[in-house]
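Comments concern the structure below.
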Amino acid sequence: MSQPDRLWINVTLFDGLSAAAEPMAVAVKNGLIERVCPMSELPAAERAGEIIDAQGRVLTPGLVDCHTHLVFGGSRAGEFEARLEGKSYEEIARAGGGIISTVRATRAASEDELYQAALPRLEALMAEGVTTVEIKSGYGLTVEDELKMLRVARRLGRERPVRVVTTLLGAHALPPEYKDDADGYIELVCNRMIPAAAAEGLADGVDVFCEGIGFSVAQCQRVYAAAKAHGLAIKGHTEQLSNLGGSAAAARAGALSVDHIEYLDEAGVQALAEAGTVATLLPGAFYILRETQVPPVELLRRHGVPMALATDANPGTSPIFSLRLMLNMACTLFRLTPQEALSGVTAHGAQALGLQQQIGRIAPGLRADLCLWNTSNPAELAYSVGLPTLNQRMVAGEPA
Ligand code: DI6
Ligand code: FE
């Protein structure tokens, strides 16, 4: 075997799915993971290149935040205060606040203003080990404003050492111009937004908000069909506040993931299992909205549905720019094990983006996006908030 560029020795390995039982070595070459083996099997010949002695520290895949709304204008701190005075999220939305207030601020902002506002949010995630982040549009709700948001997301990925996956969320909320014409707006999404985003290479996938305050299952199915026709991946915000059957419909349409899913029932879970769709859990929104209905974690386990975990970072329901905090919340609020939570932000987060052949695990042939942590126990990453700290963040085999 040829010499690696970098070799980590004496690593406590969490490979994205499980923790190794003995000290491990990980070799990287040309930006890819070349070899993963127990220290006892490491050939002497391979001890070349730059050698990093991890001294028992935990090495994980670079973290994947597979569901964010990082690009937006304005702030919703006032709405946070209104909710503390007793108003519900749905009440605020129906009164023209909520998502639509962010739409007004996002439309008013220039591309550069949106970029400057999003940068510290992205950097906060990166500082905690995120190496891949999905970013949705959905606060423009016109063809031009949705494309503007996606351009900002692409620019973030060009200017910082992080992989950005973009998702067109045109069907996020009904813009005031289409107040009594939801079907007309869906037509705009299908016939104008999706083709334009696809033609300019600005979107990797398409998402919808399938909910009483969002769009119906039938409307979402039209969006999925248009996305498929343009070769774009499908995702859905489904069963967050009620059970409409949106998750099963998304799964049947071939969705990579369905997200939130607090109200998902067993038939829905079965549909995910049959389609190979990932269930993305978003404890930040559950926490901020003080929801009480927890996602059906035990059913997901029983049916073997992979669970991803993400911040849902957004100005309304999850103004939380910490994927590490989600690890803890997934365990405390949803009763995931620390290992399940870690898989949610690595292997299963990657799968929720359709990138499982490239990232999310520490295995030969995958991209060397890696995090070295100042602890020797992977469970500490979910157990504790604030510590342990990140020792080293690597993107494609280089410190970043
Ligand atoms: N569900 C969410 O949690 C976010 N979007 C959605 O469809 C909330 C977006 C917001 O309140 O601004
Ligand atoms: Fe969301």
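For the single chain, residues carry numbers from 1 onward in sequence order. As the structure lists them, so they are numbered: ligands from 1, and atoms in each ligand from 1.
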Inset, instruction - Measure the acute angle between the ring planes of H67 and H237, then classify it against the limits of 30° and 60° as parallel, tilted or perpendicular. - result: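 Perpendicular: the ring planes of H67 and H237 meet at over 60°.
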Inset, instruction - Under the side-chain contact (heavy atoms from CB on, under 4.5 Å) rule, what do E291 and Y263 come out as? Steps first, then yes or no, please. - result: CA-CA 11 Å; E291 294 287 337; Y263 286 83; 4.1 Å; yes
Legend entry - Verdict with supporting geometry, D5 and N30, side-chain contact (heavy atoms from CB on, under 4.5 Å): CA-CA 7 Å; D5 297 332; N30 298 328; 4.0 Å; yes
Inset, instruction - Tell me the protein N, O or S atoms under 2.8 Å from the Fe ion (ligand 2), in chain and number order. - result: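 The answer is H67 NE2, H69 NE2, H237 NE2, D312 OD1.
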Inset, instruction - Salt-bridge test for D312 and K136: reply yes if a basic N is under 4.0 Å from a carboxylate O, no otherwise. - result: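 Between K136 and D312 there is no salt bridge, as every charged N stays at least 4.0 Å from the carboxylate O atoms.
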Inset, instruction - Rounded to the nearest 0.5 Å, what's the gap from CD on E340 to CZ on R335? Could you check? - result: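 One gets 11.5 Å once the value is rounded to the nearest 0.5 Å.
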Inset, instruction - Identify the heavy atoms of A250 and V258 that sit nearest to each other, and give their distance. - result: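 Residues A250 and V258, closest heavy atoms: CB-CG1, 3.6 Å.
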Legend entry - Given T12, N10, T375, N374, the one that forms side-chain hydrogen bond (donor to acceptor under 3.5 Å, both in side chains) with R57: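 In the set T12, N10, T375, N374, the residue that makes a side-chain hydrogen bond (donor to acceptor under 3.5 Å, both in side chains) with R57 is N374.
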Inset, instruction - Quick one, list the residues around ligand 1 where some non-hydrogen atom comes in under 4.0 Å, by chain and residue number. - result: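 Its neighbours under 4.0 Å (heavy atoms only) are H69, R76, Y89, I99, Y139, H172, F209, H237, Q240, H260, D312, N314, G316, T317, given by chain and number.
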Legend entry - Donor-acceptor pair between R76 and T102 side chains, under 3.5 angstrom: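 Checked: R76/T102 side chains pair up, N/O donor to acceptor below 3.5 Å.
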Legend entry - Neighbour count above 12 (heavy atom, 6.0 Å) for R83 CZ: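 Enclosed.
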